[in-house]
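Quick notes on the structure that follows.
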Amino acid sequence: MLNIRFSFMYNVHSNSRKKIVKFSTSNHLHKEIPRNLKGRSKSSQEWLTRQLADPYVEKAKLSNYRCRSAFKLLEIDDKFNLFAPGQCVIDCGAAPGSWTQVAVQRVNANKKDAKKSVGQVIAIDRLPIYPIEGAKVLGNADFTSLSTHAKLTEMLSGTRVNVVLSDMAPNATGIREMDHENIVHLAYTALRFAVQVSQVGACVLLKIWDGRDTSKLEKDLARFYEHVKTVKPPASRTDSAEKFLLGRKFKGLKT
């Protein structure tokens, strides 16, 4: 692995408003009304109500995706064309594996289409990941560890990466500023890895929670990618601070 040092700073001196890419969509799925909430805690009732009212939860079951987040990636890919058959994809923070499922399908890593090039998908998470057809799974592995980066580089065997995905998120503390700082740290870890293993023209997609360091992260992305956008797909709940930073057309590194 290249030994490259970065001087990313987290202090933000600009409070300019950023435009978020909007998606047009229609949703006509049935929403189920929750019943038998008696005896459950308030938080449990709220979670169950939200789950049953969420059309993407039912849609994920019907499409055999492990969770609803698959549709966030599908919507982003449909709009920005991240994937193509034959590509190499790294999925960071992959558990339970719905993004990996999408990536496998879109790059033909499962060899379902004999007429298209076969891609490669590597999924990694600190949690165990149940096997996914067409993907190499690295569970119980801390992506922030240099030893894990070395393992991933070994698994790539010299292959340059086309797309790095990061759906990583820290355990929320409930303190907004702290949670934001922690997820930005994870995003920078994914970015540092991406610029070392990606081929020119590659993409990176980073999950963040909105906060003061977002603008600085966007600027740092723009140092390495020609096009940087903030996106919030329809499958991302409107009451969530979650959004994604998308960097396209990696410029490459000058060493």
Side-chain angles (χ1 to χ4, degrees), residues 1-4 60 63-74 76-78 80-170 186-207 244 246-248 250 252-253:
M1 183 180 296
L2 294 175
N3 184 17
I4 301 174
S63 302
N64 291 319
Y65 288 123
R66 295 185 177 182
C67 62
R68 68 182 301 285
S69 62
F71 295 98
K72 301 174 189 178
L73 185 58
L74 286 167
I76 293 173
D77 183 45
D78 287 343
F80 296 104
N81 300 312
L82 274 64
F83 304 118
Q87 288 183 334
C88 179
V89 180
I90 304 290
D91 184 9
C92 309
S98 61
W99 275 27
T100 302
Q101 289 178 295
V102 171
V104 164
Q105 294 168 358
R106 296 282 166 117
V107 304
N108 196 35
N110 53 8
K111 303 179 183 180
K112 295 294 186 181
D113 193 334
K115 297 181 180 179
K116 295 181 179 179
S117 299
V118 178
Q120 177 181 2
V121 178
I122 300 176
I124 177 172
D125 200 287
R126 295 184 66 177
L127 299 174
I129 307 174
Y130 193 78
I132 299 170
E133 182 184 1
K136 297 178 181 179
V137 172
L138 188 58
N140 299 305
D142 183 0
F143 182 77
T144 63
S145 168
L146 292 179
S147 62
T148 299
H149 288 194
K151 177 63 176 177
L152 285 170
T153 302
E154 180 183 344
M155 293 173 70
L156 287 170
S157 299
T159 301
R160 304 304 289 180
V161 178
N162 301 102
V163 183
V164 173
L165 306 171
S166 175
D167 197 30
M168 293 187 294
L186 291 175
Y188 270 109
T189 302
L191 175 58
R192 292 186 183 98
F193 180 76
V195 299
Q196 294 181 70
V197 301
S198 295
Q199 70 175 33
V200 174
C203 299
V204 65
L205 182 66
L206 307 173
K207 175 179 177 175
F244 299 89
L246 172 62
R248 293 178 293 164
F250 177 53
L253 289 179

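A quick note: this is a predicted structure, and the numbers were derived from the prediction, not measured.
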The test is side chain to side chain donor-acceptor pair (under 3.5 Å); show your working for S69 and S98 and say whether it passes.
CA-CA 7 Å; S69 62; S98 61; 2.7 Å; yes
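- Between C88 and L156 the shortest heavy-atom distance is SG-CD2, 3.6 Å.
- The structure places CG of D78 at 11.0 Å from CZ of F71, a figure rounded to the nearest 0.5 Å.
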Stepwise side chain to side chain contact (heavy atoms under 4.5 Å, CB included) test for T159 and V161:
CA-CA 6 Å; T159 301; V161 178; over 6 Å; no
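- No donor-acceptor distance shorter than 3.5 angstrom exists from the side chain of N108 to the backbone of P85, with no hydrogens or angles considered.
- Rounding to the nearest 0.5 angstrom, the gap separating the CG atom in L191 from the CD atom in Q196 is 10.0 Å.
- A141 meets the side chain to side chain contact (heavy atoms under 4.5 Å, CB included) test with I124, L138, T148; sequence neighbours excluded.
- Each of L73, V164, V163 was evaluated against L205; a single residue qualifies, L73, per the side-chain contact (heavy atoms from CB on, under 4.5 Å) test.
- Residues V137 and P131 are not in side-chain contact: their nearest non-hydrogen atoms beyond the backbone lie 4.5 Å or more apart.
- In this structure, Q105 CD and K112 NZ are separated by 9.5 Å, a value rounded to the nearest 0.5 Å.
- At least one donor-acceptor pair under 3.5 Å links the side chain of Q101 to the backbone N or O of N64.
- Interatomic distance, T100 OG1 to D91 CG, rounded to the nearest 0.5 Å: 3.5 Å.
- Distance CG/L165 to CD1/I122: 12.0 Å, rounded to 0.5 Å.
- Nearest heavy-atom pair, Q120 versus V107, reported as atom, atom and distance to 0.1 Å: N-CG2, 4.3 Å.
- In this structure, C92 SG and L152 CG are separated by 7.0 Å, a value rounded to the nearest 0.5 Å.
- Taking the side chain as every heavy atom from C-beta outward, R106 and L74 approach each other to under 4.5 Å.
- Closest heavy-atom contact between V121 and A109: CG2-CB, 4.0 Å.
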For the pair I90 and M155, evaluate side chain to side chain contact (heavy atoms under 4.5 Å, CB included) and give the outcome as yes or no after the intermediate values.
CA-CA 11 Å; I90 304 290; M155 293 173 70; over 6 Å; no
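- Considering all non-hydrogen atoms of both residues, L82 and D77 come closest at N-OD1, 2.7 Å.
- In terms of heavy atoms, V89 sits closest to A103 at CG1-CB, 4.1 Å.
- When the side-chain hydrogen bond (donor to acceptor under 3.5 Å, both in side chains) test is applied to R248, no partner is found at least two apart in sequence or on another chain.
- Residues N162 and Q87 approach most closely at OD1-CA, 3.2 Å, considering heavy atoms.
- Screening residues 124-148 for ring-ring contact (aromatic ring centres under 6.0 Å, His included), with sequence neighbours left out, gives F143-H149, F143-F193.
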Go through F244 and D167 one step at a time and tell me if the side chain to side chain contact (heavy atoms under 4.5 Å, CB included) criterion holds.
CA-CA 9 Å; F244 299 89; D167 197 30; 3.9 Å; yes
